[in-house]
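Working notes for the structure below.
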Number of protein chains: 2
Amino acid sequence: MSQTDTKQRILDAAEHLFARDGYHATSLRSITTEAEANLAAVNYHFGSKESLLEAIIDRRLRPLNQIRQGQLDALLQKTEAAGTIPSCRDVLRTFVEPTLRLRKQGSGSENFIALIGRTLAEPQGIAMSIFMRNMEPLLARLFQALNLSLPGVSRQVLFWRVHFVFGSLSHVMRCHERHSIVPEDVSIDMSVEEEVELFLDFAVAGMEVKKQ
Amino acid sequence: MSQTDTKQRILDAAEHLFARDGYHATSLRSITTEAEANLAAVNYHFGSKESLLEAIIDRRLRPLNQIRQGQLDALLQKTEAAGTIPSCRDVLRTFVEPTLRLRKQGSGSENFIALIGRTLAEPQGIAMSIFMRNMEPLLARLFQALNLSLPGVSRQVLFWRVHFVFGSLSHVMRCHERHSIVPEDVSIDMSVEEEVELFLDFAVAGMEVKKQ
DNA sequence: ACCTGATTCAAACGAATGTTTAAATCATAT
DNA sequence: ATATGATTTAAACATTCGTTTGAATCAGGT
């Protein structure tokens with residue numbers, strides 16, 4: 001059993017428990033038990049509980065953001081070459097689609113998505129600063145692209161609507177399991193494409209609407 | 001200094017700290033310090049930390065839901081008497097307006113709103129079950145009214161869109177302070193009415209949109 | 001003034017937390 | 001085989017946690 005085995009098992013277990021119970025409600029003992037590792041392994045491999053959280057976020061957020069960044073760049077290059085402006089729907093899709101696709105990818109990534117969803121709900125938390133360090137450049141470019149795609153919407157209103165969309169998305173990210181208020185006749189199993197377009201139907205309409 | 005003084009001070013302090021740092025990251029010692037009460041006061045007046053959380057939620061959620069319920073009933077009676085169906089905007093307003101109004105009311109209610117916002121982000125948490133006990137009847141009626149107001153939207157799609165709206169709303173509830181990603185030139189000070197209508201512009205457009 | 005019940009207080013409880021230690025074990029290259 | 005560095009292990013570390021205790025203090029009625 002090599003070093004990376006233990007490290008990975010700890011990362012997976014912690015990702016799962018942090019997502020399910022939250023950072024503070026999860027003990028290192030419960031993590032190492034689930035990972036079948038010794039209690040001291042966390043501090044040996046990661047240094048501290050907080051650094052473990054950082055490693056969890058970095059592991060998946062870095063490649064995810066590279067995909068988002070690549071799709072956004074490709075879209076902007078394409079529209080610029082064609083002399084048009086990107087649609088709000090296409091801009092948002094570069095952010096949302098890789099997110100929901102990663103969740104369906106398995107091997108614990110659904111836990112990561114839920115963890116990020118929780119993180120967004122704790123503005124003052126430890127996870128938020130780690131998260132924002134990875135997100136800030138991309139978020140700035142995304143806002144810029146949305147501003148370009150919606151010339152009729154003021155920066156003021158645009159900001160709030162982006163806020164609303166992020167709220168919706170983080171909620172969807174958190175709730176990957178059947179909820180108590182979900183009616184029995186509502187199916188929650190959809191393909192990634194269905195999920196993405198269902199979300200974009202909602203989000204784009206809200207982004208584009210003229211003031212009433 | 002009477003009994004209710006200490007009880008109220010503990011409720012206010014705990015509401016503030018639970019909202020800011022989360023339930024598990026807040027200790028009874030930090031609560032009683034902020035409330036200028038003895039450590040044992042929490043267990044004397046409330047029995048346990050968990051019962052304190054329950055008291056916090058009950059204190060404000062009960063009257064808030066009565067207002068929401070009253071406004072929804074009034075709307076449904078009015079439209080039924082007129083032989084029409086309620087608009088989606090009016091139905092959503094009966095839920096959203098009392099919420100954002102309470103936040104602006106002061107005396108710590110903004111902490112409660114943020115706490116509920118956090119609660120909605122912890123599906124498996126202790127607060128969620130306490131919260132849902134108070135919310136389930138109203139949520140069922142709200143969903144029914146929305147179904148009535150949007151005859152063109154299937155139950156399946158409607159459920160998801162309500163999900164999205166709740167995500168947006170809970171996000172707005174959490175973020176009552178200026179965020180790091182908020183551009184400098186974006187004002188976050190609005191009247192309740194402005195806030196409500198800005199939110200409803202977004203949410204109603206997403207609820208009503210035809211599939212693309 | 002005195003009694004009674006409610007409230008406050010300092011102190012301590014056992015349990016659980018994140019972290020550290022030092023010895024034991026493993027893997028690998030010479 | 002042996003030496004070396006990486007990893008694992010059991011045990012203990014000092015804190016902090018929620019809760020409990022029993023005495024002290026308070027308020028109000030007789």
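This is a predicted model, so every value here is computed, not measured. Just the heavy atoms: all of them, side chains too, but no hydrogens, waters or symmetry mates, feed the values below. Residue numbers begin at 1 in each chain, while the letters A, B, ... track the order of the sequences.
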Legend entry - Between P of D:dG18 and CZ of B:F46, the distance in whole Å: 15 Å
Legend entry - Separation of A:E193 CD from A:R101 CZ (nearest 0.5 Å): 5.0 Å
Legend entry - Sugar-phosphate, base or nothing in reach of B:T26, heavy atoms under 4.0 Å: sugar-phosphate
Legend entry - Nucleotide D:dC17, atom P - distance to CD of B:E50 in whole Å: 18 Å
Legend entry - Side chain to side chain, A:K104 and A:L100, heavy atoms closer than 4.5 Å: no
Legend entry - Length of the line joining B:L17:CG and D:dC17:P, which is rounded to integer Å: 12 Å
Legend entry - Pairwise side-chain contact, A:F95 with A:L169, heavy-atom cut-off 4.5 Å (strictly under): yes
Inset, instruction - Would you please confirm or rule out a distance under 4.0 Å between OP1 or OP2 of D:dT7 and any side-chain N or O of A:T6? - result: no
Legend entry - Short side-chain N/O contact to D:dA6 OP1/OP2 from A:H45, under 4.0 Å: no
Inset, instruction - Taking only the side-chain heavy atoms of A:Y44 (C-beta and beyond), determine which of C:dG18, D:dC17, D:dT8 contains the nearest atom. - result: D:dT8
Legend entry - Closest nucleotide among D:dT7, D:dT20, C:dA12 to the B:A40 side chain: D:dT20
Inset, instruction - Report yes if at least one side-chain N or O of B:S27 is closer than 4.0 Å to OP1 or OP2 of D:dC17; otherwise report no. - result: yes
Inset, instruction - Let me know the distance between CG of A:D5 and C1' of D:dA6, rounded to the nearest Å. - result: 14 Å
Inset, instruction - Mind checking B:A41 for me? I need base, sugar-phosphate or nothing, with any heavy atom below 4.0 Å counting as a touch. - result: nothing
Inset, instruction - Report the distance from atom CG of A:N38 to atom P of C:dA23, rounded to the nearest whole Å. - result: 17 Å
Inset, instruction - Select base, sugar-phosphate, or nothing to describe what A:S30 touches, counting heavy atoms under 4.0 Å on all strands. - result: nothing
Inset, instruction - Establish, yes or no, whether a centroid distance under 6.0 Å links the rings of A:F202 and B:F202. - result: yes
Inset, instruction - Rounded off to whole Å, could you give me the NZ-to-C1' distance for the B:K49 and C:dA16 pair? - result: 13 Å
Legend entry - Rounded distance in Å - CG (A:L28) to P (C:dG18): 4 Å
Legend entry - Between C:dT7 (C1') and B:N43 (CG): distance, integer Å: 14 Å
Legend entry - Pair A:S87, A:S149: side-chain N/O donor-acceptor within cut-off below 3.5 Å: no
